[in-house]
Structure formats: C-alpha cells, structure tokens
Asks: 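Provided herewith is a single structure, encoded as structure tokens, for subsequent inquiry.
Counting starts at 1 for both ligands and their atoms, following the listed order. Scope of the values below: all heavy atoms of this structure, side chains included, with no hydrogens, waters or symmetry mates.
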Amino acid sequence: MRSYTRIVGTGAYLPEKVLTNQDLEAMLDTSDEWIRERTGIRERHIVAEGERCSRLAEVASRRALAAADIDPATLDFIVVATTTPDQVFPSTACFLQRRLGIRDCCAFDIVAGCTGFVYALGMIDQFIRTGGIKRALIVGAEILSYIVDWQDRDTAVLFGDGAGAVVVEVGSEPGILSSHLHAEGAYTDILQVPGGVGDRTRNSYIEMRGNELFKVAVTSLSDVVEETLKANGMQKSELDWLVPHQANFRIIQAVARRLKVPLDRVIITVGEHANTSSASIPLAFDLAIRDGRIRRGQTVLMEAFGGGITWGSVLLVY
Ligand code: UT7
C-alpha cells in the first residue's frame with residue numbers, strides 16, 4: 001500500500017505589535033495609498049526588541065503540536081525554514097528543539113528564501129514516503145524587521161514578522177501528492193542580503209530589484225503550477241484552494257488569473273501580514289484551517305517564490 005505524508009496539525013504565531021501603513025507614512029516618504037495599490041499590504045506584525053526566531057517558531061510549533069495532539073518527544077525530525085536565524089550556527093531548529101524540551105531527533109534549517117517552507121515540506125515528504133521517518137515538525141519562521149533597512153522605502157514597506165508550523169506524519173490516506181522545487185542561481189543578485197560571513201563592509205539589509213523580480217515571479221509561479229497539475233494529471237478546476245506565498249497581491253492575482261482560480265478560492269493574508277518570507281504559507285494555511293475554509297479531503301496547492309532565486313510548489317490533499 002502506498003504511504004503518504006499527511007498534515008495532522010497546524011499552528012501560527014504573529015507578534016503583538018502591528019505597524020500600519022499610516023505608521024510608515026510618519027517614518028518614510030511613502031503613502032498608505034501607494035503601498036495598498038502596489039502591494040495590497042495594509043499592516044504587518046513586528047517583533048518586540050530582542051525576540052528571537054526560535055521563540056516565534058516555538059509558539060507556532062506548540063500550537064501545531066497541540067492541534068495534532070502529539071507529544072513533541074515523538075518527533076523524528078525538526079526543520080526550520082528561515083532567512084533570519086537566531087545565530088549563524090547552531091541552527092534555529094536546534095534552538096527550537098531545546099525550547100521544546102526534546103532530545104535526539106534530527107534538526108536543521110533550510111535557507112531557500114521565501115520558498116523555504118515549500119522546500120522543507122517537499123523534502124520531508126521524501127523521507128516519510130520512503131519510510132525513513134514517521135513524524136516531523138516543519139516550521140517557517142522569520143524576523144524580517146531585523147534585516148529591513150527602515151530608511152529604504154523600496155523594501156521597508158513590504159515585510160513583516162511571524163511563524164507558521166505544521167506537524168506531518170505517515171499515513172495511508174492521500175496527503176502530499178507531489179512537490180516541485182526549483183532554483184536559478186543566475187538571479188542571486190535581484191533579491192539578497194549581501195553582507196555575510198567574511199565581509200563586514202557589505203550591506204546587511206535586504207536589497208531588491210522589485211520590478212525585475214515581479215516579472216520573474218509571475219512567470220516562474222505560473223510555470224510551476226502548470227508543471228504540478230500536469231505531473232498529477234489534474235485539471236485547474238479540480239483545485240479547491242490556492243495557498244500562495246504572500247509577497248504582493250498583484251502577483252497572487254496574476255497567478256490566480258492564469259490558473260483560472262477565483263480569488264475566493266485563494267487564501268490571501270498579505271494585507272494583514274505583509275511578506276513574512278518562509279512563514280507566509282504556513283501562516284495563511286493555518287488561518288484558513290482554523291476559520292473553516294480549508295477542510296479535510298480538499299485539494300490544496302501551495303506555491304512560493306523567493307531569493308536565490310528559488311520557486312516551488314506542493315500539491316496535497318488536506
Ligand atoms: O518575497 C518574494 C520576493 N519579493 C517579490 O516578489 C516582490 C516583487 N516586486 C514587487 O512586489 C513590486 O515590484 C514592488 C511592490 C516592490 C514595487 O512595485 P512596482 O509597481 O514594481 O513599483 P516600481 O518599483 O516600479 O516603483 C514605482 C515608483 C518609483 O518612482 P518613479 O521612479 O516612478 O518616480 C519608486 O521610486 O514608486 C516609487 N516607490 C515608492 N513610492 C512610495 C518605491 N517604493 C515606494 C514607496 N512609497 N514605498
């Protein structure tokens with residue numbers, strides 16, 4: 001009998017502090033109207049000073065574990081997708097493991113920009129389907145406010161902080177149907193934080209060529225969505241829900257239009273969360289499960305795009 005990876009619990013965490021477009025108007029040469037028209041963003045959540053990525057991950061994880069009614073000690077694997085780890089090393093996944101009070105499971109981080117959560121889900125699916133492991137915690141957690149240059153209106157208005165988590169386990173009922181993961185290193189410089197290990201002179205904040213990225217995003221996402229449907233012999237009309245990465249409402253709209261998915265079948269959180277990178281899909285997914293939109297047995301397509309550049313999709317039956 002075929003084994004599947006099934007999502008058995010979800011959880012999310014958004015920091016309490018909300019920064020609105022009006023707040024940004026007081027800090028930068030920008031306007032609520034520009035931000036809403038170009039991006040769909042109205043507000044974003046920002047961490048309290050000193051908060052760490054593993055702390056956001058912990059709250060989201062505990063909620064996902066509670067929803068699944070699972071003892072964290074039974075996890076085989078913890079993966080954290082993040083671009084804003086607590087430290088260069090150890091991994092945020094190891095800090096999360098410590099926070100959860102568990103020992104001796106595999107734990108590491110994935111860096112794939114905003115596609116990190118989709119990469120993690122796709123990769124863990126391989127471990128589970130081949131029988132290597134039975135149960136895993138997958139988290140997308142980001143504190144982008146730490147790597148945003150608050151003087152730069154091109155990027156400061158776009159990002160937010162948050163975390164989302166899922167618990168997955170092996171099952172015999174359909175779960176993840178396929179994942180499709182891509183990267184194109186030729187585009188490393190269109191979205192990046194140049195500063196890093198070995199060079200203290202380079203900028204350690206987000207740099208983005210937004211216009212170029214926008215075009216590549218729409219093309220890549222449309223392609224990966226077609227690839228996913230084809231691989232599964234599915235028609236566009238068979239999708240119940242699209243859960244896209246939340247970078248820009250206009251990108252989401254363009255991909256939904258190409259897919260012929262009406263916007264009321266797309267989970268959209270960019271207005272309230274802004275772009276939370278690898279946290280955006282698990283945050284949106286958790287919200288739509290908890291408010292009753294996404295139900296058991298429905299088909300969900302997740303798709304993401306981000307720095308690298310990376311892009312990918314996961315098709316699943318919830
Ligand atoms: O998470 C994955 C990666 N991220 C993305 O996928 C983001 C992709 N890109 C985008 O979402 C859009 O390109 C942006 C939202 C970043 C920008 O929207 P745009 O429609 O591409 O605007 P633009 O960059 O062409 O800028 C238009 C104008 C410029 O002024 P001029 O040169 O026309 O006079 C900018 O200087 O808007 C100006 N501008 C702003 N004005 C007010 C740029 N940022 C702002 C701002 N407030 N915050």
Side-chain angles (χ1 to χ4, degrees), residues 19-44 81-84 110-119 140-145 147-162 164 181-185 187-194 205-225 243-256 258 268-271 273-284 302-313:
L19 189 70
T20 65
N21 290 352
Q22 285 74 17
D23 295 329
L24 286 171
E25 281 177 348
M27 299 159 59
L28 290 161
D29 178 18
T30 190
S31 68
D32 172 50
E33 191 189 359
W34 189 97
I35 303 170
R36 275 192 290 108
E37 270 179 15
R38 303 282 176 139
T39 71
I41 298 167
R42 291 190 298 280
E43 58 190 33
R44 67 287 291 141
T82 186
T83 55
T84 50
I110 280 191
V111 185
C114 306
T115 320
F117 179 78
V118 164
Y119 262 57
E142 300 281 4
I143 305 185
L144 296 166
S145 59
I147 57 166
V148 156
D149 175 356
W150 290 101
Q151 316 290 321
D152 174 18
R153 70 174 186 174
D154 289 346
T155 51
V157 303
L158 302 175
F159 298 99
D161 303 333
L181 309 176
H182 298 273
E184 180 52 80
Y187 291 108
T188 42
D189 55 352
I190 66 174
L191 175 57
Q192 60 175 333
V193 175
Y205 297 114
I206 296 173
E207 288 179 2
M208 185 173 81
R209 302 211 297 270
N211 231 290
E212 275 174 68
L213 199 55
F214 191 102
K215 290 172 198 144
V216 188
V218 174
T219 313
S220 312
L221 290 174
S222 302
D223 289 352
V224 82
V225 157
V243 185
H245 170 49
Q246 311 282 323
N248 184 321
F249 176 71
R250 290 188 293 140
I251 298 177
I252 295 172
Q253 196 177 29
V255 175
R258 289 192 187 191
I268 302 171
T269 55
V270 67
H273 300 172
N275 182 347
T276 57
S277 189
S278 57
S280 89
I281 288 181
L283 270 167
M302 298 174 174
E303 42 91 341
F305 177 88
I309 61 170
T310 57
W311 68 101
S313 67

Asks: Output yes when a protein non-hydrogen atom is found under 4.0 Å of atom 47 (N) of ligand 1, and no otherwise.
Replies: yes
Asks: Just need the protein heavy atom nearest to atom 2 (C) of ligand 1, so name the residue and atom and give the distance.
Replies: F305 O, 3.5 Å
Asks: Report yes or no: do E142 and T83 form a side-chain donor-acceptor pair below 3.5 Å?
Replies: yes
Asks: Under 4.5 Å between any side-chain heavy atoms of L213 and F305, yes or no?
Replies: yes
Asks: Could you tell me which atoms of ligand 1, counted from 1 in the order shown, lie closer than 4.0 angstrom to a heavy atom of L191?
Replies: 3 (C)
Asks: Mind checking whether I41 and V157 have side chains closer than 4.5 Å, heavy atoms only?
Replies: no
Asks: Taking the side chain as everything from C-beta on, heavy atoms only, tell me whether T219 gets closer than 4.5 Å to V216.
Replies: no
Asks: Return the residue, atom name and 0.1 Å-rounded distance of the protein heavy atom closest to atom 4 (N) of ligand 1.
Replies: L213 CD2, 3.5 Å
Asks: Below 3.5 angstrom, do we get any N/O pair linking G210 and ligand 1?
Replies: yes
Asks: Which protein heavy atom lies closest to atom 43 (C) of ligand 1, and at what distance to 0.1 Å?
Replies: D154 OD1, 3.2 Å
Asks: Can you tell me if N21 uses its side chain to pair, donor with acceptor, with the backbone of E33 under 3.5 Å?
Replies: no
Asks: Who's the nearest protein heavy-atom neighbour of atom 37 (O) of ligand 1, and how far?
Replies: W34 NE1, 3.1 Å
Asks: Of the protein's non-hydrogen atoms, which lies at the shortest distance from atom 11 (O) of ligand 1, and what is that distance?
Replies: N248 ND2, 2.7 Å
Asks: Under a 4.5 Å cut-off applied to non-hydrogen side-chain atoms, are R153 and W34 in contact?
Replies: no
Asks: Around atom 21 (O) of ligand 1, find the nearest protein heavy atom and jot down its residue, atom name and distance.
Replies: N211 ND2, 3.3 Å
Asks: Would you mind checking which non-hydrogen protein atom is closest to atom 6 (O) of ligand 1, with the distance to 0.1 Å?
Replies: I251 CD1, 3.6 Å
Asks: For residues H245 and N275, determine if any side-chain heavy atom of one lies less than 4.5 Å from a side-chain heavy atom of the other.
Replies: yes
Asks: Going by atom types only, do S220 and D223 share a side-chain donor-acceptor pair under 3.5 Å?
Replies: no
Asks: Are any of the N or O atoms of T30 closer than 3.5 Å to those of ligand 1?
Replies: yes
Asks: Decide yes or no for P244 and V255: does some side-chain heavy atom of the first lie under 4.5 Å from some side-chain heavy atom of the second?
Replies: no
Asks: Verify the contact flag for atom 29 (C) of ligand 1, where contact means a protein heavy atom under 4.0 Å away.
Replies: no
Asks: Quick check against the 3.5 Å criterion: does Q246 have a side-chain atom that pairs as donor or acceptor with the backbone of T269?
Replies: yes
Asks: Of all the atoms in ligand 1, which lie at a distance below 4.0 Å from a heavy atom belonging to N275?
Replies: 1 (O), 2 (C)
Asks: Do any nitrogen or oxygen atoms of R250 lie less than 3.5 angstrom from nitrogen or oxygen atoms of ligand 1?
Replies: yes
Asks: Measure the shortest side-chain to side-chain distance between I147 and L144 over non-hydrogen atoms and say whether it is less than 4.5 angstrom.
Replies: yes
Asks: Less than 4.0 Å between atom 32 (O) of ligand 1 and some protein heavy atom, yes or no?
Replies: no
Asks: State the atoms of ligand 1, each with its element, that fall below the 4.0 Å cut-off from a heavy-atom position in R38.
Replies: 19 (P), 20 (O), 22 (O), 27 (C)
Asks: Should you measure from each heavy atom of T39, which atoms of ligand 1 turn up under 4.0 Å away?
Replies: 15 (C)
Asks: Side chains of L158 and R44: does their closest heavy-atom pair fall under 4.5 Å?
Replies: no
Asks: Just to confirm my output: which protein heavy-atom neighbour is closest to atom 35 (C) of ligand 1, and how far is it?
Replies: R153 NH2, 3.9 Å
Asks: Within a distance under 4.0 Å of any heavy atom of V157, pick out the atoms of ligand 1 and give their elements.
Replies: 48 (N)
